[in-house]
Amino acid sequence: MKEGLSTRCVHAGEPHDPHGSPHAPIYTTTTFKFPSTAALLDVVEGRKAGALYTRYGLNPTIQALEEKLAAVEGAEAALAFASGMAAESALFLTHGRKGIVCLGDAYGGTLELLASQLPQLGIPAYLLLGSELDRLPAILRQGVGMVFFETPTNPTLELFDVAEIADLAHPHGALVTVDNTFASPVNQNPLALGADFVVHSATKYLGGHSDLTAGALMGSKNLVMPVCGWRKNLGQTIAPEIAAQLARSLRTLTVRVERQNETAMKIARAMQAHAGVARVLYPGLPDFPGHDLARRQMKGYGGMLTIEVRGDGAVASRVADALKLFALAPSLGGVESLVTQPCTTTHHGLTPEERARRGITDAMLRLSVGLEDADDLIADLEQALA
Ligand code: PLP
């Protein structure tokens with residue numbers, strides 16, 4: 001991979017177009033015709049790449065997006081899905097059937113899939129917090145298919161050492177998957193650190209505008225391609241219109257995320273100095289517990305940070321309600337800044353004891369930093385805290 005990430009974001013997966021369009025055109029058609037049975041069989045039997053049927057992912061717009069997605073994560077292959085959960089579920093059903101270990105806090109939908117839905121299919125899940133990592137070797141010795149984790153996690157921004165976990169898992173035949181949604185490929189490349197798969201909720205930074213729902217899976221061709229079967233028959237393929245929209249977003253990924261990194265750092269520093277804030281969790285702060293690891297495995301510290309206000313959950317709710325630029329909405333990675341109070345949104349379903357076990361307090365507010373001016377965002381937080 002000789003080109004830089006920004007170049008790949010713009011140029012990868014932009015096939016030659018006979019009309020001179022610089023970008024892959026949108027083929028909304030569901031099927032594609034062939035000049036002969038022999039030509040059709042070449043595609044059906046995999047001898048030739050080509051378009052065939054959109055739900056199979058064999059649609060030029062989707063294939064162009066997948067080429068770009070692979071290039072963006074530095075992967076040999078990528079598959080695009082209708083959502084992040086579609087990517088995760090197809091991956092787990094393909095490669096996790098012997099069991100899946102989930103490390104640390106993960107997105108609620110992922111936890112629900114692992115803890116209550118996959119077990120109904122006889123797929124065991126082991127949920128370990130970061131403080132319980134010492135239990136991982138024993139579980140690996142029992143034989144599991146996959147170790148899955150987010151890094152940084154939501155909302156405490158806990159970091160896991162990708163290379164170290166890959167070194168632990170691989171001798172036992174377990175594949176390693178990193179949900180790279182929070183970091184984005186601009187800030188972290190888990191495949192280069194030893195992971196076998198990267199999954200994304202492309203709904204977040206890859207899409208970047210809170211206007212599309214999509215997912216992505218990246219890895220080596222021999223591991224990624226078997227996932228196609230589940231995607232195809234569970235009907236999880238991305239729609240061509242969304243594929244084109246996501247490809248457009250990816251062309252600006254680096255400029256968006258680099259700005260979001262910068263602004264998040266400024267906000268983290270301003271919040272650290274604010275009397276109304278008890279704690280700031282951000283991997284870029286030198287006193288953050290995971291800072292050394294972040295410096296080693298991340299290229300930027302991301303646009304997500306969590307502040308803990310002085311006071312209780314009611315105070316945090318009042319601050320969230322008083323914000324004007326930060327919208328109270330449960331997502332992340334878009335051009336507009338968002339705020340959530342984990343105990344009322346992402347972690348609302350957990351008991352207070354379980355939240356405490358995960359280090360999540362009622363006074364925490366999670367911020368997704370958008371592309372507004374840093375000074376305006378800081379002023380918004382200051383007026384809300386006041
Ligand atoms: N992974 C992470 C880290 C998420 O935050 C989310 C959604 O919030 C998902 C996966 C699921 O993605 P989607 O909503 O695109 O299905």
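Note: hydrogens, waters and symmetry copies are ignored here, and every other heavy atom, side chains too, is used. For ligands, and for the atoms within them, numbers begin at 1 and follow the listed sequence.
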With distance as the sole criterion, is a donor-acceptor pair present between the side chains of H170 and D196 under 3.5 Å?
-> yes
Look at the rings of F149 and F160 and say which category their plane angle falls in: under 30° parallel, 30 to 60° tilted, over 60° perpendicular.
-> tilted
Single-linkage hydrophobic cluster, 4.5 Å side-chain cutoff, L127 and L136 together = no
H200 near ligand 1 by a heavy-atom separation under 4.0 Å | no
Considering only non-hydrogen protein atoms, determine which one is nearest to atom 5 (O) of ligand 1 and report residue, atom name and distance to 0.1 Å.
-> Y107 CD1, 3.9 Å
Check ligand 1 against G84 and write out every atom of the ligand that is under 4.0 Å from a heavy-atom position of the residue.
-> 12 (O), 13 (P), 15 (O), 16 (O)
Specify side chain, backbone, both or neither for A86, according to which of its non-hydrogen atoms lie closer than 4.0 Å to ligand 1.
-> neither
What about L332: any of its N or O atoms under 3.5 Å from an N or O on ligand 1?
-> no
Could you tell me whether ligand 1 has any atom less than 4.0 Å away from a heavy atom of A214?
-> yes
Flag the pair H95 / F197 as yes when their ring centroid distance falls below 6.0 Å, and as no otherwise.
-> yes
Please report which non-hydrogen protein atom sits nearest to atom 15 (O) of ligand 1, along with the residue it belongs to and the distance in Å to one decimal place.
-> T203 OG1, 2.6 Å
NZ or CZ of R231 within 45° of F81 ring axis and under 6.0 Å = yes
Decide whether an N or O pair under 3.5 Å exists between S201 and ligand 1.
-> yes
